[in-house]
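Keep in mind the model is a prediction, meaning the values are calculated, not measured.
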Amino acid sequence: NTIQFELAKYDLSKEAKQELDKLATFMKENENLVIELSGHTSADGTVAGNQLLSTQRVKSCQQYLAEKGIAEKRVLLMGYGQDKPIAPNDTPANRAKNRRVELKIVKI
């Protein structure tokens with residue numbers, strides 16, 4: 001599942017931590033697994049601010065996984081800012097969908 005964030009925030013919610021706990025368990029069971037976390041924002045704010053925010057979001061996820069025993073080198077980070085929305089930025093609900101971190105498996 002994607003990890004969602006509040007507007008202009010990069011702190012992890014209870015739900016986000018639950019998803020990351022599942023991921024940490026899966027990564028411990030698959031020691032060669034390398035993932036990429038991609039951070040995204042809605043179009044609220046400035047382009048530069050959103051770029052920084054997307055990077056902060058993936059870093060907060062990486063740090064949480066490191067606290068759970070996952071080596072940082074197994075978690076690649078990409079911050080896309082507002083460049084890759086999954087929904088139009090035309091309503092509050094759609095903008096909320098765009099404030100996310102997604103996971104992609106890079107190496108098994």
Side-chain angles (χ1 to χ4, degrees):
N1 294 327
T2 60
I3 296 169
Q4 300 299 132
F5 291 86
E6 292 183 36
L7 178 64
K9 304 276 184 180
Y10 60 91
D11 52 322
L12 298 172
S13 67
K14 178 183 173 186
E15 294 81 11
K17 289 178 181 179
Q18 290 171 343
E19 290 299 318
L20 290 169
D21 287 341
K22 292 180 208 175
L23 177 58
T25 299
F26 184 71
M27 291 184 77
K28 287 177 183 177
E29 293 169 352
N30 298 276
E31 294 182 3
N32 294 322
L33 187 71
V34 177
I35 62 168
E36 176 185 292
L37 295 178
S38 58
H40 304 273
T41 68
S42 63
D44 296 311
T46 66
V47 172
N50 285 335
Q51 182 63 44
L52 176 62
L53 181 58
S54 68
T55 301
Q56 291 170 319
R57 287 176 174 169
V58 290
K59 284 183 179 179
S60 67
C61 293
Q62 182 189 47
Q63 181 180 11
Y64 186 84
L65 289 170
E67 291 169 6
K68 299 295 177 178
I70 305 301
E72 287 186 9
K73 67 181 181 180
R74 295 179 61 200
V75 182
L76 308 177
L77 307 178
M78 291 297 299
Y80 290 104
Q82 63 191 42
D83 292 342
K84 295 187 175 196
I86 59 170
N89 282 292
D90 57 356
T91 66
N94 279 346
R95 286 190 293 275
K97 291 176 187 176
N98 291 326
R99 295 190 298 265
R100 71 199 189 281
V101 166
E102 295 179 326
L103 161 84
K104 178 171 77 173
I105 295 175
V106 176
K107 178 183 171 192
I108 297 179

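Grouped by direct or indirect side-chain proximity (heavy atoms under 4.5 Å, Ile/Leu/Val/Met/Phe/Trp/Tyr only), V101 sits with I3, F5, L12, L20, L23, F26, M27, L33, I35, L37, V58, Y64, L65, I70, V75, L77, L103, I105, I108.
Nearest heavy atoms, R57 versus K9: NE-O, 2.8 Å. Taking each heavy atom of S54 and G81 in turn, the nearest pair found is OG-N, 2.9 Å. Contact detail for E72 and Q62: the closest heavy-atom pair is O-NE2, 3.3 Å. Scanning both residues, L7 and S42, for their nearest heavy atoms gives CD1-OG, 4.3 Å.
No more than 12 heavy atoms of other residues, nucleotides or ligands lie within 6.0 Å of CD in E6, so this atom counts as exposed by the packing criterion.
A distance of 12.5 Å separates CD in Q82 from CZ in R99, rounded to the nearest 0.5 Å. Put simply, CG on D21 and NZ on K68 are 4.5 Å apart, with the number rounded to the nearest 0.5 Å.
Of the possible polar contacts, one joining the Q4 side chain to the A96 backbone as a donor-acceptor pair under 3.5 Å is found. Listed for the S60 side chain is a donor-acceptor partner under 3.5 Å among the backbone atoms of Y10.
Annotation: side-chain contact (heavy atoms from CB on, under 4.5 Å) contacts of T25 (sequence neighbours excluded): E29. Residues forming a ring pair (Phe, Tyr, Trp, His ring centres under 6.0 Å) with Y80 (at least two apart in sequence, or on another chain): H40. Take K22 and apply the side chain to side chain donor-acceptor pair (under 3.5 Å) test, not counting sequence neighbours, and it matches E19.
By the 4.0 Å N-to-carboxylate-O rule, R100 lies close enough to E102 to be salt-bridged with it.
Residue pairs that meet the salt bridge (charged side-chain N to carboxylate O under 4.0 Å, His left out) test with at least one member in residues 88-98, sequence neighbours left out, are D44-R95. Residue pairs meeting the ring pair (Phe, Tyr, Trp, His ring centres under 6.0 Å) criterion with at least one member in residues 87-108, sequence neighbours excluded, do not occur.
Of the candidates T41, N89, N50, N98 forms a side chain to side chain donor-acceptor pair (under 3.5 Å) with just one, namely N89.
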